[in-house]
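Written below as C-alpha coordinates is the structure these notes are about.
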Amino acid sequence: MKATANTAVTLLMRTAALAALMLAASPAVADTAEPGRIVEDTAGRILTEIDTRRSEFKKNPDALKELVRAELIPMLDQEYSARLILGRHGRGLPPEKISAFADALSSVLTDRYSEGLLSFRSRDQLEVLPPTAKDSEKLTRVRTRVQLEGGGAAPVDYAFRMTDAGWKVFDVTVEGISYVLTFRNQLGPKVAAEGIDKVTNDLMAGQIDLSES
Amino acid sequence: MSHSSTQTSTAGKLALVLLCTLLTACASQPTALTDPERDPWEGFNRKVHSFNHAVDKAVMRPVAKGYDKIMPDAPQRGVRNFFHNLAWPVNFANLILQGRFKHSMVATGRFLMNSTVGVLGFFDVASRQGIPDYREDFGQTLAVWGWEDSRYLVLPFFGPHTLRDTLGRSMYGYLHPISWYARKHHNYVPVVVDLITLRAELLPLDQDIESAQDPYTFIRDVYLQHREFEIYNGDPPAPDYDALLEDY
(Lines give C-alpha, C1' and ligand atoms only; values in the text may rest on other atoms or scores of the structure.)
Protein backbone atom coordinates (compact mmCIF):
# COMPACT_ATOMS: atom_id res chain seq x y z
CA MET A 1 0.00 0.00 0.00
CA LYS A 2 2.73 2.39 1.06
CA ALA A 3 4.72 1.51 -2.02
CA THR A 4 1.76 2.41 -4.24
CA ALA A 5 1.32 5.78 -2.50
CA ASN A 6 5.01 6.46 -3.00
CA THR A 7 4.74 5.63 -6.67
CA ALA A 8 1.73 7.91 -6.98
CA VAL A 9 3.63 10.77 -5.35
CA THR A 10 6.62 10.19 -7.61
CA LEU A 11 4.34 10.10 -10.61
CA LEU A 12 2.65 13.33 -9.52
CA MET A 13 5.99 15.05 -9.05
CA ARG A 14 7.15 13.86 -12.41
CA THR A 15 4.03 15.18 -14.08
CA ALA A 16 4.44 18.50 -12.29
CA ALA A 17 8.05 18.72 -13.38
CA LEU A 18 7.06 17.88 -16.92
CA ALA A 19 4.29 20.49 -16.88
CA ALA A 20 6.74 23.08 -15.59
CA LEU A 21 9.15 22.20 -18.37
CA MET A 22 6.43 22.50 -20.97
CA LEU A 23 5.34 25.83 -19.55
CA ALA A 24 8.89 27.10 -19.73
CA ALA A 25 9.14 25.95 -23.31
CA SER A 26 5.77 27.19 -24.46
CA PRO A 27 6.68 30.83 -25.22
CA ALA A 28 9.25 29.50 -27.66
CA VAL A 29 6.72 27.16 -29.24
CA ALA A 30 4.28 30.00 -29.74
CA ASP A 31 6.92 32.26 -31.24
CA THR A 32 8.55 30.33 -34.08
CA ALA A 33 7.09 32.81 -36.57
CA GLU A 34 8.40 35.76 -34.59
CA PRO A 35 11.96 35.90 -36.02
CA GLY A 36 10.53 36.45 -39.49
CA ARG A 37 8.39 39.30 -38.17
CA ILE A 38 11.39 40.81 -36.35
CA VAL A 39 13.37 40.90 -39.62
CA GLU A 40 10.43 42.31 -41.57
CA ASP A 41 9.63 45.01 -38.99
CA THR A 42 13.22 46.10 -38.41
CA ALA A 43 14.03 46.23 -42.12
CA GLY A 44 10.78 48.07 -42.76
CA ARG A 45 11.56 50.72 -40.13
CA ILE A 46 15.12 51.26 -41.41
CA LEU A 47 14.12 51.40 -45.08
CA THR A 48 11.26 53.83 -44.46
CA GLU A 49 13.64 56.07 -42.54
CA ILE A 50 16.14 55.91 -45.42
CA ASP A 51 13.42 56.81 -47.91
CA THR A 52 12.46 59.95 -46.02
CA ARG A 53 15.97 61.06 -45.04
CA ARG A 54 17.96 59.81 -48.04
CA SER A 55 19.64 63.11 -48.96
CA GLU A 56 20.60 63.73 -45.34
CA PHE A 57 22.17 60.27 -45.03
CA LYS A 58 24.07 60.73 -48.28
CA LYS A 59 25.73 63.84 -46.90
CA ASN A 60 26.21 62.38 -43.46
CA PRO A 61 26.77 58.60 -43.48
CA ASP A 62 27.47 58.64 -39.73
CA ALA A 63 23.83 59.53 -39.07
CA LEU A 64 22.76 56.41 -40.94
CA LYS A 65 25.32 54.31 -39.06
CA GLU A 66 23.85 55.56 -35.80
CA LEU A 67 20.32 54.71 -36.92
CA VAL A 68 21.35 51.22 -38.07
CA ARG A 69 23.24 50.57 -34.86
CA ALA A 70 20.29 51.68 -32.72
CA GLU A 71 17.97 49.37 -34.67
CA LEU A 72 20.20 46.32 -35.10
CA ILE A 73 22.28 45.99 -31.92
CA PRO A 74 19.24 45.22 -29.71
CA MET A 75 18.29 42.33 -31.99
CA LEU A 76 21.74 40.70 -31.81
CA ASP A 77 23.06 38.11 -29.39
CA GLN A 78 26.50 39.58 -29.91
CA GLU A 79 28.18 37.77 -27.02
CA TYR A 80 27.13 34.40 -28.41
CA SER A 81 28.47 35.35 -31.85
CA ALA A 82 31.70 36.46 -30.21
CA ARG A 83 32.05 33.16 -28.37
CA LEU A 84 31.44 31.24 -31.62
CA ILE A 85 34.05 33.35 -33.41
CA LEU A 86 36.62 33.11 -30.61
CA GLY A 87 36.18 29.35 -30.20
CA ARG A 88 38.97 27.86 -28.13
CA HIS A 89 40.90 31.14 -28.28
CA GLY A 90 38.30 32.64 -25.96
CA ARG A 91 38.81 30.00 -23.28
CA GLY A 92 39.48 31.43 -19.83
CA LEU A 93 39.09 35.05 -20.89
CA PRO A 94 37.25 37.35 -18.46
CA PRO A 95 33.62 37.96 -19.56
CA GLU A 96 34.07 41.75 -19.70
CA LYS A 97 36.84 41.36 -22.30
CA ILE A 98 34.62 39.12 -24.39
CA SER A 99 31.86 41.75 -24.08
CA ALA A 100 34.18 44.51 -25.26
CA PHE A 101 35.30 42.34 -28.18
CA ALA A 102 31.65 41.58 -29.01
CA ASP A 103 30.74 45.29 -28.92
CA ALA A 104 33.58 46.21 -31.28
CA LEU A 105 32.67 43.38 -33.63
CA SER A 106 29.00 44.24 -33.94
CA SER A 107 29.80 47.92 -34.46
CA VAL A 108 32.04 47.01 -37.37
CA LEU A 109 29.37 44.69 -38.76
CA THR A 110 26.49 47.17 -38.49
CA ASP A 111 28.64 49.94 -40.01
CA ARG A 112 29.46 47.75 -42.99
CA TYR A 113 25.79 46.85 -43.27
CA SER A 114 24.71 50.49 -43.32
CA GLU A 115 27.13 51.23 -46.18
CA GLY A 116 25.19 48.88 -48.43
CA LEU A 117 21.78 50.20 -47.39
CA LEU A 118 21.80 53.54 -49.20
CA SER A 119 21.63 51.80 -52.57
CA PHE A 120 18.19 50.46 -51.63
CA ARG A 121 15.44 52.02 -53.69
CA SER A 122 12.34 50.59 -52.07
CA ARG A 123 11.03 48.19 -49.45
CA ASP A 124 9.84 45.84 -52.17
CA GLN A 125 13.43 44.91 -52.83
CA LEU A 126 13.41 42.80 -49.67
CA GLU A 127 11.38 39.61 -49.47
CA VAL A 128 11.11 37.47 -46.33
CA LEU A 129 10.53 33.83 -47.24
CA PRO A 130 8.18 31.63 -45.18
CA PRO A 131 9.84 29.48 -42.47
CA THR A 132 10.76 25.88 -43.34
CA ALA A 133 10.47 22.61 -41.47
CA LYS A 134 14.19 22.69 -40.66
CA ASP A 135 13.58 25.36 -38.01
CA SER A 136 13.37 24.30 -34.38
CA GLU A 137 12.10 25.92 -31.20
CA LYS A 138 15.58 26.95 -30.17
CA LEU A 139 17.21 27.74 -33.47
CA THR A 140 15.73 29.10 -36.65
CA ARG A 141 16.87 30.66 -39.89
CA VAL A 142 15.01 33.54 -41.48
CA ARG A 143 15.56 33.41 -45.23
CA THR A 144 15.33 36.65 -47.18
CA ARG A 145 15.92 37.61 -50.79
CA VAL A 146 17.33 40.98 -51.76
CA GLN A 147 16.45 42.02 -55.30
CA LEU A 148 19.51 43.17 -57.24
CA GLU A 149 19.53 45.92 -59.82
CA GLY A 150 20.69 43.73 -62.69
CA GLY A 151 17.94 41.16 -62.11
CA GLY A 152 18.23 38.15 -59.84
CA ALA A 153 18.24 38.15 -56.05
CA ALA A 154 20.86 37.71 -53.35
CA PRO A 155 19.89 35.34 -50.54
CA VAL A 156 20.56 36.75 -47.07
CA ASP A 157 19.76 34.51 -44.11
CA TYR A 158 19.60 35.41 -40.43
CA ALA A 159 20.27 32.73 -37.80
CA PHE A 160 18.16 33.26 -34.67
CA ARG A 161 18.40 31.56 -31.31
CA MET A 162 16.05 31.65 -28.37
CA THR A 163 17.60 33.48 -25.42
CA ASP A 164 16.28 34.64 -22.03
CA ALA A 165 15.52 37.95 -23.77
CA GLY A 166 13.65 36.33 -26.67
CA TRP A 167 14.78 35.58 -30.21
CA LYS A 168 18.17 37.10 -31.10
CA VAL A 169 20.28 37.04 -34.28
CA PHE A 170 23.74 35.50 -33.93
CA ASP A 171 24.81 34.89 -37.54
CA VAL A 172 24.18 36.39 -40.97
CA THR A 173 24.73 34.36 -44.14
CA VAL A 174 25.02 36.01 -47.56
CA GLU A 175 24.93 33.63 -50.53
CA GLY A 176 25.91 30.80 -48.24
CA ILE A 177 28.83 32.68 -46.67
CA SER A 178 28.47 32.84 -42.89
CA TYR A 179 29.75 35.85 -41.01
CA VAL A 180 30.60 33.71 -37.96
CA LEU A 181 32.44 30.99 -39.88
CA THR A 182 34.39 33.48 -41.98
CA PHE A 183 35.46 35.74 -39.12
CA ARG A 184 36.36 32.76 -36.97
CA ASN A 185 39.45 31.92 -39.02
CA GLN A 186 40.33 35.60 -39.39
CA LEU A 187 40.13 36.72 -35.78
CA GLY A 188 40.70 33.53 -33.75
CA PRO A 189 44.40 33.12 -34.63
CA LYS A 190 44.95 36.87 -34.21
CA VAL A 191 43.49 36.76 -30.69
CA ALA A 192 45.75 33.81 -29.90
CA ALA A 193 48.82 35.66 -31.20
CA GLU A 194 48.23 39.24 -30.06
CA GLY A 195 45.72 39.00 -27.23
CA ILE A 196 42.07 40.01 -27.17
CA ASP A 197 42.69 43.63 -26.05
CA LYS A 198 44.81 44.37 -29.11
CA VAL A 199 42.24 42.81 -31.45
CA THR A 200 39.37 44.72 -29.80
CA ASN A 201 41.33 47.97 -30.14
CA ASP A 202 42.15 47.21 -33.77
CA LEU A 203 38.49 46.61 -34.50
CA MET A 204 37.61 49.92 -32.88
CA ALA A 205 40.36 51.64 -34.86
CA GLY A 206 39.02 50.14 -38.10
CA GLN A 207 35.67 51.57 -37.17
CA ILE A 208 37.15 55.06 -37.00
CA ASP A 209 38.66 54.51 -40.46
CA LEU A 210 35.30 53.41 -41.83
CA SER A 211 33.48 56.49 -40.62
CA GLU A 212 36.21 58.82 -41.88
CA SER A 213 36.22 57.50 -45.42
CA MET B 1 40.29 13.22 -81.15
CA SER B 2 43.74 14.76 -81.43
CA HIS B 3 42.49 17.68 -79.37
CA SER B 4 41.45 15.48 -76.49
CA SER B 5 44.75 13.61 -76.44
CA THR B 6 46.74 16.85 -76.37
CA GLN B 7 44.50 18.00 -73.56
CA THR B 8 45.09 14.83 -71.58
CA SER B 9 48.85 14.91 -71.94
CA THR B 10 48.96 18.57 -70.91
CA ALA B 11 46.75 17.77 -67.94
CA GLY B 12 48.99 14.80 -67.15
CA LYS B 13 52.11 16.95 -67.17
CA LEU B 14 50.42 19.55 -65.03
CA ALA B 15 49.38 16.90 -62.54
CA LEU B 16 52.95 15.61 -62.36
CA VAL B 17 54.34 19.09 -61.76
CA LEU B 18 51.68 19.67 -59.12
CA LEU B 19 52.52 16.43 -57.39
CA CYS B 20 56.27 17.17 -57.29
CA THR B 21 55.76 20.68 -55.95
CA LEU B 22 53.29 19.31 -53.49
CA LEU B 23 55.63 16.70 -52.07
CA THR B 24 58.40 19.24 -51.53
CA ALA B 25 55.91 21.74 -50.10
CA CYS B 26 54.59 19.21 -47.63
CA ALA B 27 58.05 18.10 -46.59
CA SER B 28 59.00 21.63 -45.56
CA GLN B 29 55.79 22.60 -43.81
CA PRO B 30 56.44 23.19 -40.14
CA THR B 31 53.50 25.45 -39.13
CA ALA B 32 50.13 24.12 -37.97
CA LEU B 33 47.32 23.77 -40.48
CA THR B 34 44.39 26.15 -40.06
CA ASP B 35 41.87 23.61 -41.36
CA PRO B 36 43.48 20.14 -41.38
CA GLU B 37 40.29 18.42 -42.50
CA ARG B 38 39.46 20.46 -45.59
CA ASP B 39 42.85 21.95 -46.38
CA PRO B 40 45.59 19.40 -45.69
CA TRP B 41 47.70 20.86 -48.52
CA GLU B 42 47.80 24.35 -47.02
CA GLY B 43 51.56 24.71 -47.42
CA PHE B 44 51.41 24.07 -51.14
CA ASN B 45 48.19 26.04 -51.57
CA ARG B 46 49.65 29.12 -49.88
CA LYS B 47 52.57 29.11 -52.32
CA VAL B 48 50.28 28.94 -55.35
CA HIS B 49 48.07 31.61 -53.76
CA SER B 50 51.05 33.98 -53.48
CA PHE B 51 51.95 33.30 -57.09
CA ASN B 52 48.37 33.94 -58.26
CA HIS B 53 48.18 37.07 -56.17
CA ALA B 54 51.33 38.43 -57.81
CA VAL B 55 50.03 37.63 -61.30
CA ASP B 56 46.71 39.23 -60.47
CA LYS B 57 48.30 42.37 -59.11
CA ALA B 58 50.63 42.73 -62.10
CA VAL B 59 48.25 41.84 -64.93
CA MET B 60 44.66 40.87 -64.25
CA ARG B 61 43.58 43.54 -61.80
CA PRO B 62 45.02 46.52 -63.72
CA VAL B 63 43.43 45.31 -66.95
CA ALA B 64 40.08 44.63 -65.25
CA LYS B 65 40.22 48.06 -63.58
CA GLY B 66 40.85 49.73 -66.92
CA TYR B 67 37.91 47.90 -68.45
CA ASP B 68 35.74 48.82 -65.48
CA LYS B 69 36.69 52.46 -65.92
CA ILE B 70 35.81 52.78 -69.62
CA MET B 71 32.74 50.51 -69.64
CA PRO B 72 29.58 51.78 -67.93
CA ASP B 73 27.78 49.34 -65.65
CA ALA B 74 24.91 48.48 -68.00
CA PRO B 75 27.00 47.23 -70.98
CA GLN B 76 29.30 45.47 -68.50
CA ARG B 77 26.32 43.53 -67.23
CA GLY B 78 25.31 42.85 -70.84
CA VAL B 79 28.68 41.29 -71.64
CA ARG B 80 28.52 39.11 -68.51
CA ASN B 81 24.98 38.07 -69.47
CA PHE B 82 26.25 37.13 -72.92
CA PHE B 83 28.96 34.82 -71.56
CA HIS B 84 26.68 33.41 -68.91
CA ASN B 85 24.00 32.63 -71.48
CA LEU B 86 26.57 30.68 -73.53
CA ALA B 87 27.19 28.37 -70.58
CA TRP B 88 23.85 26.71 -71.33
CA PRO B 89 25.35 23.42 -72.69
CA VAL B 90 27.31 23.02 -69.43
CA ASN B 91 24.26 23.73 -67.28
CA PHE B 92 22.04 21.52 -69.44
CA ALA B 93 24.38 18.50 -69.45
CA ASN B 94 24.88 18.68 -65.69
CA LEU B 95 21.18 19.06 -64.92
CA ILE B 96 20.60 15.88 -66.98
CA LEU B 97 23.47 14.11 -65.20
CA GLN B 98 21.89 15.08 -61.88
CA GLY B 99 18.53 13.70 -63.01
CA ARG B 100 16.85 17.11 -63.01
CA PHE B 101 15.09 16.77 -66.35
CA LYS B 102 12.45 19.43 -65.70
CA HIS B 103 15.14 21.92 -64.72
CA SER B 104 17.11 21.10 -67.87
CA MET B 105 14.03 22.12 -69.89
CA VAL B 106 13.73 25.35 -67.92
CA ALA B 107 17.43 26.06 -68.59
CA THR B 108 16.85 25.45 -72.30
CA GLY B 109 13.82 27.75 -72.36
CA ARG B 110 15.88 30.43 -70.63
CA PHE B 111 18.68 30.00 -73.17
CA LEU B 112 16.29 30.28 -76.13
CA MET B 113 14.51 33.30 -74.69
CA ASN B 114 17.69 35.21 -73.85
CA SER B 115 19.33 34.28 -77.17
CA THR B 116 16.41 35.68 -79.18
CA VAL B 117 14.37 38.27 -77.25
CA GLY B 118 17.46 39.05 -75.18
CA VAL B 119 19.55 39.80 -78.30
CA LEU B 120 22.19 37.02 -78.24
CA GLY B 121 22.02 36.89 -74.48
CA PHE B 122 23.07 40.46 -73.75
CA PHE B 123 19.78 41.10 -71.95
CA ASP B 124 18.73 38.68 -69.25
CA VAL B 125 15.01 38.95 -70.01
CA ALA B 126 14.39 35.48 -68.53
CA SER B 127 15.36 36.61 -65.01
CA ARG B 128 12.99 39.55 -65.30
CA GLN B 129 10.26 37.04 -66.17
CA GLY B 130 11.10 35.18 -62.96
CA ILE B 131 12.57 32.15 -64.75
CA PRO B 132 15.04 30.44 -62.41
CA ASP B 133 18.73 30.40 -63.29
CA TYR B 134 20.27 26.97 -62.64
CA ARG B 135 24.05 27.16 -62.70
CA GLU B 136 25.45 23.67 -62.65
CA ASP B 137 28.95 22.40 -63.41
CA PHE B 138 30.69 19.02 -63.34
CA GLY B 139 32.16 19.64 -59.90
CA GLN B 140 28.64 20.06 -58.53
CA THR B 141 27.47 16.93 -60.35
CA LEU B 142 30.30 14.91 -58.80
CA ALA B 143 29.21 16.26 -55.40
CA VAL B 144 25.60 15.25 -56.05
CA TRP B 145 26.88 11.80 -57.03
CA GLY B 146 28.42 11.45 -53.58
CA TRP B 147 31.81 13.17 -53.61
CA GLU B 148 30.65 15.77 -51.12
CA ASP B 149 33.77 16.65 -49.20
CA SER B 150 36.82 17.37 -51.25
CA ARG B 151 40.09 18.92 -50.18
CA TYR B 152 40.93 22.49 -51.10
CA LEU B 153 43.36 22.96 -53.96
CA VAL B 154 44.62 26.27 -55.35
CA LEU B 155 45.51 25.98 -59.04
CA PRO B 156 48.07 28.22 -60.70
CA PHE B 157 46.21 30.96 -62.66
CA PHE B 158 42.79 29.35 -62.09
CA GLY B 159 42.71 30.00 -58.34
CA PRO B 160 40.54 28.37 -55.66
CA HIS B 161 39.29 24.84 -56.37
CA THR B 162 38.83 21.55 -54.66
CA LEU B 163 40.29 18.31 -55.96
CA ARG B 164 36.78 17.39 -57.12
CA ASP B 165 36.22 20.71 -58.89
CA THR B 166 39.61 20.43 -60.60
CA LEU B 167 38.46 17.17 -62.14
CA GLY B 168 35.13 18.80 -62.97
CA ARG B 169 36.85 21.72 -64.66
CA SER B 170 38.74 19.41 -67.01
CA MET B 171 35.33 18.45 -68.49
CA TYR B 172 34.20 22.05 -68.85
CA GLY B 173 36.26 22.87 -71.95
CA TYR B 174 34.49 20.23 -74.03
CA LEU B 175 31.04 21.73 -73.58
CA HIS B 176 31.49 25.46 -73.16
CA PRO B 177 31.25 27.11 -76.61
CA ILE B 178 33.91 29.69 -75.75
CA SER B 179 36.53 27.06 -74.83
CA TRP B 180 35.47 24.87 -77.70
CA TYR B 181 35.85 27.74 -80.16
CA ALA B 182 39.24 28.65 -78.73
CA ARG B 183 40.61 25.15 -79.25
CA LYS B 184 39.07 24.63 -82.65
CA HIS B 185 40.20 27.94 -84.16
CA HIS B 186 43.16 28.70 -81.91
CA ASN B 187 41.55 32.03 -81.21
CA TYR B 188 41.73 32.88 -77.53
CA VAL B 189 40.29 36.40 -77.74
CA PRO B 190 36.81 35.39 -76.44
CA VAL B 191 38.38 33.45 -73.55
CA VAL B 192 40.49 36.46 -72.58
CA VAL B 193 37.49 38.82 -72.79
CA ASP B 194 35.48 36.39 -70.66
CA LEU B 195 38.23 36.34 -68.02
CA ILE B 196 38.72 40.13 -67.98
CA THR B 197 35.01 40.82 -67.59
CA LEU B 198 34.72 38.15 -64.91
CA ARG B 199 37.64 39.71 -63.04
CA ALA B 200 35.99 43.14 -63.34
CA GLU B 201 32.85 41.69 -61.80
CA LEU B 202 34.91 40.53 -58.82
CA LEU B 203 36.64 43.88 -58.26
CA PRO B 204 34.35 44.90 -55.35
CA LEU B 205 35.64 41.86 -53.42
CA ASP B 206 39.23 43.14 -53.49
CA GLN B 207 38.66 45.49 -50.59
CA ASP B 208 37.40 42.66 -48.38
CA ILE B 209 40.31 40.44 -49.39
CA GLU B 210 42.95 43.12 -48.83
CA SER B 211 41.54 44.11 -45.45
CA ALA B 212 41.31 40.50 -44.26
CA GLN B 213 43.67 39.44 -41.48
CA ASP B 214 44.74 36.48 -43.57
CA PRO B 215 43.66 36.84 -47.22
CA TYR B 216 44.51 33.18 -47.88
CA THR B 217 42.11 31.73 -45.30
CA PHE B 218 39.54 34.41 -46.14
CA ILE B 219 39.40 33.41 -49.82
CA ARG B 220 39.44 29.72 -48.93
CA ASP B 221 36.63 29.92 -46.37
CA VAL B 222 34.48 32.08 -48.61
CA TYR B 223 35.10 29.82 -51.61
CA LEU B 224 34.31 26.57 -49.79
CA GLN B 225 31.16 27.97 -48.18
CA HIS B 226 29.92 29.40 -51.45
CA ARG B 227 30.65 26.14 -53.23
CA GLU B 228 28.56 24.24 -50.70
CA PHE B 229 25.81 26.79 -51.26
CA GLU B 230 25.91 26.05 -55.00
CA ILE B 231 26.02 22.28 -54.51
CA TYR B 232 22.92 22.42 -52.31
CA ASN B 233 21.22 24.75 -54.83
CA GLY B 234 21.05 27.66 -52.44
CA ASP B 235 19.84 25.78 -49.37
CA PRO B 236 22.85 24.21 -47.62
CA PRO B 237 22.52 22.71 -44.14
CA ALA B 238 23.15 25.22 -41.34
CA PRO B 239 26.67 25.22 -39.88
CA ASP B 240 27.13 23.05 -36.79
CA TYR B 241 27.28 25.95 -34.36
CA ASP B 242 27.39 23.69 -31.29
CA ALA B 243 30.61 22.16 -32.58
CA LEU B 244 32.14 25.64 -32.72
CA LEU B 245 31.42 26.07 -29.02
CA GLU B 246 32.55 22.61 -28.02
CA ASP B 247 36.20 23.52 -27.99
CA TYR B 248 35.41 26.77 -26.22
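Just so we're on the same page: letters track the sequence lines, and every chain starts at 1. Here the structure is a predicted model, which means the values were calculated and not measured. The basis for the numbers below is simple: all heavy atoms, side chains too, and nothing from hydrogens, waters or symmetry mates.
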Under 4.5 Å to a heavy atom of chain A? For Asp240(B) that would be neither

Ordered numerically, the heavy-atom neighbours of chain A under 4.5 Å found in residues 212-228 of chain B are Ala212(B), Gln213(B), Asp214(B), Thr217(B), Phe218(B), Arg220(B), Asp221(B), Val222(B), Gln225(B), His226(B)

Review point. Are Asp235(B) and Arg143(A) within salt-bridge range, i.e. N to O under 4.0 Å?
Key: yes

With the threshold set at 4.0 Å, does a side-chain nitrogen-carboxylate oxygen contact exist between Asp206(B) and Arg199(B)? yes

Rounded to the nearest 0.5 angstrom, the CG-CZ distance for Asp157(A) and Arg145(A) is 6.5 Å

For this session: Report yes or no: does Thr144(A) contribute a side-chain atom to a donor-acceptor pair with the main-chain N or O of Val156(A) at less than 3.5 Å?
Result: yes

* So, Ser115(B) and Asn85(B): side-chain donor and acceptor under 3.5 Å apart, yes or no? -> yes

Should Glu210(B) and Arg61(B) count as an ion pair when the cut-off is N to O under 4.0 Å? yes

### Query
Can you say whether the rings of His161(B) and Phe158(B) are parallel (under 30°), tilted (30 to 60°) or perpendicular (over 60°)?
perpendicular

- request: Return yes when atom OH of Tyr80(A) has more than 12 non-hydrogen atoms of other residues, nucleotides or ligands closer than 6.0 Å, and no otherwise.
  value: yes

The side chain to side chain donor-acceptor pair (under 3.5 Å) partners of Arg164(B) (sequence neighbours excluded) come to none

For Lys65(B), the side chain to side chain donor-acceptor pair (under 3.5 Å) test, sequence neighbours excluded, returns none

Filtered by a 4.5 Å non-hydrogen cutoff, the part of residues 170-178 of chain A contacting chain B is Phe170(A), Asp171(A), Glu175(A), Gly176(A), Ile177(A), Ser178(A)

